[in-house]
Structures are given as structure tokens and as C-alpha cells.
Amino acid sequence: MKEEFPQTAAPAPGNRPSRPQVGEAPARPLPLEPWEGPAILLVDLDAFFASVEQLDHPAWRGKPVIVGGDADKHGVVSTASYEARPYGVRSAMPSSTARRLCPDAVWTHGRFDRYREVSNAIMAILRSETPHVQQVSIDEAFLDITPTAVNREHPVRVAQRIQRRVEELGVTCSIGAGTSKTIAKIASDMDKPRGLTVVYPGSERDFLAPLPVRAMSGIGASAEEKLRSRGIRTLGQLADADLRMLERVFGKLGRVMHVRANGGDDAPVEQDDAVKSVSNEMTFATDLTRREDVEAAIATMAAKVGRRLRRKGLRGRTLALRVKFDDLSVRSVQRQLPQPSDDELAYTPLLYAMVDEVWRPGTPLRLIGVGMSGFAEEGAVQESLFDVAEAAPSADDVEPVVRDERKRRGLIEATDLVKDRFGEAAVRFGHELRNEGNTTGSSSKNPADYK
DNA sequence: TCTGGGGTCCTAGGACCC
DNA sequence: TCTGGGGTCCTAGGACCC
């Protein structure tokens, strides 16, 4: 979850309903102005992971709750409940800092299967309101609820009903409503938790003008600094800036940010699309220096990636390795496989060779990551050697290389079955067995992981 | 205080082909 | 023998998001 930006905009008059406390009756009806043109909502679940923990642990309600990694293992805060925020605790903050700021907080690692479950129930509510839902993460989704000839319901009424229905599940959400994804997204950040911020058609530029450039999605620390050095601090200044200068400095992004600052974003709410890459990373509590430890870590992550690929029915052609050193600098290598694979026993040796290109034994390694991309087009998934072997009349009829492939495949599938029944820790190959207990713990909000 | 893990997209340069 | 421009693929790195 990203930091809320400082709220420099004056509240737009009449746009905010008075917010009831949790458990009170919903907001009194807003006086509604007519709505012309597209209507987009951004629904953002409030402090989602922490809220689920409070839902499941009644004793934690009303208390500061922090979901995150261990302070003594390079961990960071994933989510802080609203009770923890007055202490200064924020998402992405090092856990050691958070512990100092709020030593009495309830501290917990994530239970991601549970968050996924609650998220899925909420996304089902959203899809019951409209088929035009774009889930952007585990706790956020865009909805296109543009009034049609069939359904003339006012967008604000839809948003209020969604808030009620979500609260029936025991968590809360904030919603931004506007004529574009850019506007809806920024509006949703204006008032949290349980806020509903409405930007009526025609008022986009006035709404955006006083906000800091960082409020716009796509402008991060680097772009903010480049803009600041050119005297551009607000979205109003960005809207008035010279387009050619922006294109020169930012390339494609320059035009995009200029259009959006002028309220002109027309990006559609898109159906959720296919996964493009699958990866696993691991940060170590103590840096690795020995080759055998590095290979063991690579093998572990290669196995996790392989298993996720098989579960999703994906085979990738592009294999990637990423390392981070103790100064936090990063290097990466990628290689094309001769054919798409989902089998770590086939590609792990290649990873061992690749690591030599970016690391020498003895140099401390803080993180190792393994990823796969370049998936075959849908319907064009290549027949594996194993399938060929299956089709052969007998094992004696297939080439030795194919028999090897078949043995490997059989072994992989057997271990997947055991892991399905008894959990990931139940089966490990010998080369995966090092580095136990030397990792941070993790979190992901990527939608691809929640389906 | 000292910075996670899961992703997406863009850029720039080089290889290769026509 | 020396030269073009465009397209595509690949690679490494970086910005950005939640």
C-alpha cells in the first residue's frame, strides 16, 4: 500500500459525505448532481491485511496492528492498521523503525491465503455490480459504471452501496469516483478510511491543479525530482508545462503525464489479463558468500517458480536471475531456453552458470531472485517431450533423452502431489536444503497471485 | 532507521535479417 | 566493396506500483 500524499487540496465543497463511525448507519444521501459521460470508480480496501487480522482476532480491534517482516531480518512493514499510523508507522518502512516508533503494536506475519479469500469475496461483490472490473491488486479494483440506457443509476449511489456491502464482510473501503481512472485513483486517496470522494465531470482540472505531482500514479521519486528541478511541483503546473520539454525529459511518459494532468485520461477499464512473468526472491538475514549456499538458494527458488508455473499451466522461454549486493545494488541476467519449460530440474543448472556472470564467491549477496517469462501464446503451448514419450507404444521405443525427460517429469509430478497434500515443506530435494530460517518473510499484492 | 516481494512497463544498444 | 533503413529479437537496467 502506498503512502498517502499530503492533502494539500482544499476539500471540494459538497463532495464529501459526513463519515459515520464503524457500526453506525451509512452516510446520509448526498445531494446528487447530474452525471454526464464516463463514470469510473476505484475501490481501495482500507489497511487491508491489518483489517483482516483485526476481523479474525477480535482482541486486536482498536489496537495498533502491524503486518510485516522481522525487524532483525531486513523486514519491512507490509500494512499498518489505522491505530498504528499516528505513531508514524507506514507501509514499506523498515520493521526496525516501526518497532521503535510503536513498540506495543501487535506484530504479525501475513496469512496470504486468508487475505486472498477475503479479497475474492469482495471482488465477487464488485463483479455483481458490473462486469467491467479491473482488479489491480489484492486490495484495489477499478469499475466502469458509466450510466447506460439500461441502467441509469447514479454513480454515487452505486459507490455507496458497494461500501455498505463490503462492510458487511467486516472490512472497509475507500472509493474515488470520476470520469477517468486517473481521477478515480487520486480521489480514492483523498479521504481514508471509509471515504467517498466524488469528482464531477467538468471539475477535473480544478480538482487536480493544487495537488503535488506525486499524487498521480506513475510519478514516483525520480520523476518528482526531475519535475521539481524544473519548477514543477503541482499537477496544475504540470498541466501548463511545455509538452515538448516533457517528452524530451520523460519520453512516452511525458505525454501521458501531461494529458492526465489536464484531466484527459481515456484509458479503459480492462478485463484482467494474463500473467506475463512468475518470480521468487529471497532476502537473507545474513548475506551469503559461499557458492554452495548460493546454489542451494537458487535451487530453492527455482523449485518454487517451477511449482507455480506447473500450477498455472505455464511454460516459459526466458529465464532470469537477479542478485542484490550488500550495498543494495542489483544485477540481473536473462537467457532464452531452447524450449519453454516449467521444470526446475531442467533449468536450475543454467541458473548456476548464469550466477557466475554477476557474482564471484566471497562477495556478500543479500538477495537472490529467479524468474520466468516469455510464456507461449494461449493455445500454442508446446508439446513437451514427456507428452511424446507418453504417446510412444513402450518406453523402449523412445530416445534416451526422452526417457530421461519422462523420468524427470514423473519425479516432479510425484513431489507436486505430496506438496499438494502435506504442504511445501514436506518435500525438498537435497540441493534445496540450506539456508533454512535465514529469510525475511514476504508479502505480495499482485493480482496474478490471487486467482 | 535503513530499506521486502511480487509484478508491469519503458529504454537503449546490439545482433541479425531483408 | 561499401552503403541505407526498418523490423524484430534479445539483454540489462531502471522506474514504478501495491
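Letters go in sequence order (proteins before strands), and every chain restarts at 1.
Across all strands shown, A/Leu328 has heavy atoms under 4.0 Å from base atoms, whether or not it also approaches the sugar-phosphate. No engagement by A/Ala98 is indicated, since no non-hydrogen atom pair under 4.0 Å with the nucleic acid exists. Nucleic acid contact for A/Arg317: sugar-phosphate only, since backbone atoms but no base atoms lie under 4.0 Å from a heavy atom of the residue. At the heavy-atom level, A/Val278 lies under 4.0 Å from the strands shown only through sugar-phosphate atoms.
Here A/Thr97 does not reach the OP1 or OP2 of B/dC2: none of its side-chain N or O atoms lies under 4.0 Å away. The shortest distance between the side-chain N/O atoms of A/Lys276 and the OP1/OP2 oxygens of B/dC9 is below 4.0 Å. At the phosphate of B/dG6, OP1 or OP2 sits under 4.0 Å from a side-chain N or O atom of A/Asn280. OP1 or OP2 of B/dG4 sits under 4.0 Å from a side-chain N or O of A/Lys324. At C/dA12, none of the side-chain N or O atoms of A/Arg331 fall inside 4.0 Å of OP1 or OP2 (strictly under the cut-off). The phosphate of B/dT8 (OP1 or OP2) has a side-chain N or O of A/Ser277 nearer than 4.0 angstrom. Note on A/His74: a side-chain N or O is less than 4.0 Å away from OP1 or OP2 of B/dT3. The side chain of A/Gln135 places no N or O atom within less than 4.0 Å of a non-bridging phosphate oxygen (OP1 or OP2) of C/dC18.
When the ring pair (Phe, Tyr, Trp, His ring centres under 6.0 Å) test is applied to A/His57, the partners found at least two apart in sequence or on another chain are A/Trp60. Residues satisfying the side chain to side chain contact (heavy atoms under 4.5 Å, CB included) criterion with A/Glu117, sequence neighbours excluded, are A/Arg114. With sequence neighbours left out, the salt bridge (Lys or Arg N to Asp or Glu O under 4.0 Å) criterion links A/Asp113 to A/Arg116. With sequence neighbours excluded, the residues forming a salt bridge (Lys or Arg N to Asp or Glu O under 4.0 Å) with A/Glu281 are A/Arg322, listed by chain and number. Every salt bridge (Lys or Arg N to Asp or Glu O under 4.0 Å) that A/Arg111 has, sequence neighbours left out, goes to A/Glu53, A/Asp56. Here A/Arg335 pairs with A/Val333, A/Leu350, A/Met354, A/Glu357 under the side chain to side chain contact (heavy atoms under 4.5 Å, CB included) rule; sequence neighbours left out. Listed by chain and number, the residues in a salt bridge (Lys or Arg N to Asp or Glu O under 4.0 Å) with A/Asp416 are A/Arg307, A/Arg310 (sequence neighbours excluded).
No salt bridge links A/Lys181 with A/Asp144; every basic N to acidic carboxylate O contact stays at or beyond 4.0 Å.
Listed by residue number, A/Arg366, A/Leu367 are the residues of residues 365-374 of chain A with a heavy-atom contact under 4.0 Å to DNA chain B.
The interatomic distance linking A/Glu224 (CD) with C/dA15 (C1') rounds to 13 Å, in whole Å. Rounded to whole angstrom, the span from the CE atom of A/Met93 across to the P atom of B/dC2 amounts to 12 Å. Between the NZ atom of A/Lys185 and the C1' atom of C/dC16 there is a distance of 12 Å, rounded to whole Å. When the C1' atom of B/dG4 is taken as reference, atom CE of A/Met282 falls 13 Å away, rounded to whole Å. The nearest whole Å value for the distance from the CE atom in A/Met216 to the C1' atom in C/dC16 is 12 Å. Going from atom CZ of A/Arg116 over to atom C1' of B/dG6 covers 12 Å, rounded to whole Å. Taking atom CZ on A/Arg214 and atom P on C/dC17, their separation rounds to 6 Å, with Å as the unit. Atom-to-atom, CZ of A/Arg90 to P of B/dT1 comes out at 17 Å; the value is rounded to the nearest Å.
Of the listed nucleotides (C/dT11, C/dA15, B/dG4), C/dT11 has the atom at the smallest distance from the side chain of A/Gln336. In this structure, the nucleotide among C/dC17, C/dC18, B/dT11 sitting nearest to the side chain of A/Lys252 is B/dT11. Here C/dC16 is the nucleotide among C/dC16, B/dG7, C/dC17 with the atom lying nearest to any side-chain atom of A/Ala221. Of the candidates C/dC17, B/dG6, B/dT8, the closest approach to any side-chain atom of A/Ser279 belongs to B/dG6. The nucleotide whose nearest atom lies closest to any side-chain atom of A/Arg335 is, among C/dA12, B/dT3, C/dA15, C/dA12. The side chain of A/Glu281 sits closest to B/dG5 out of B/dG5, B/dT3, B/dT8. Of the candidates B/dG4, C/dA12, C/dC17, C/dC17 carries the atom nearest the A/Ser217 side chain, counting heavy atoms from C-beta on.
Aromatic ring centres of A/Phe207 and A/Tyr200: separated by at least 6.0 Å.
Each of A/Arg100 and A/Gly75 was matched to the nucleotide of DNA chain B holding its nearest heavy atom; the match closer to the 5' end belongs to A/Arg100. Residues A/Leu253 and A/Val77 each lie close to DNA chain B; by heavy-atom proximity, the contact nearer the 5' end of the strand is made by A/Val77.
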Pair pattern of DNA chain B in dot-bracket, where unpaired bases get dots and | marks partners in another strand, Watson-Crick or G-U under 3.5 angstrom: ....||||||||||||||
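For the residue pair A/Gly110 and A/Tyr115, the shortest heavy atom distance occurs at CA-OH, 3.5 Å.
Between the side chain of A/Tyr82 and the backbone N or O of A/Asp46, no donor-acceptor pair lies under 3.5 Å.
Separating the P atom of B/dC2 from that of C/dC16 is a span of 25 Å, rounded to the nearest Å. The gap from the P atom of C/dC17 to that of B/dT1 amounts to 27 Å, rounded to the nearest Å.
A heavy-atom distance below 4.5 Å is found between the side chains of A/Leu367 and A/Thr283.
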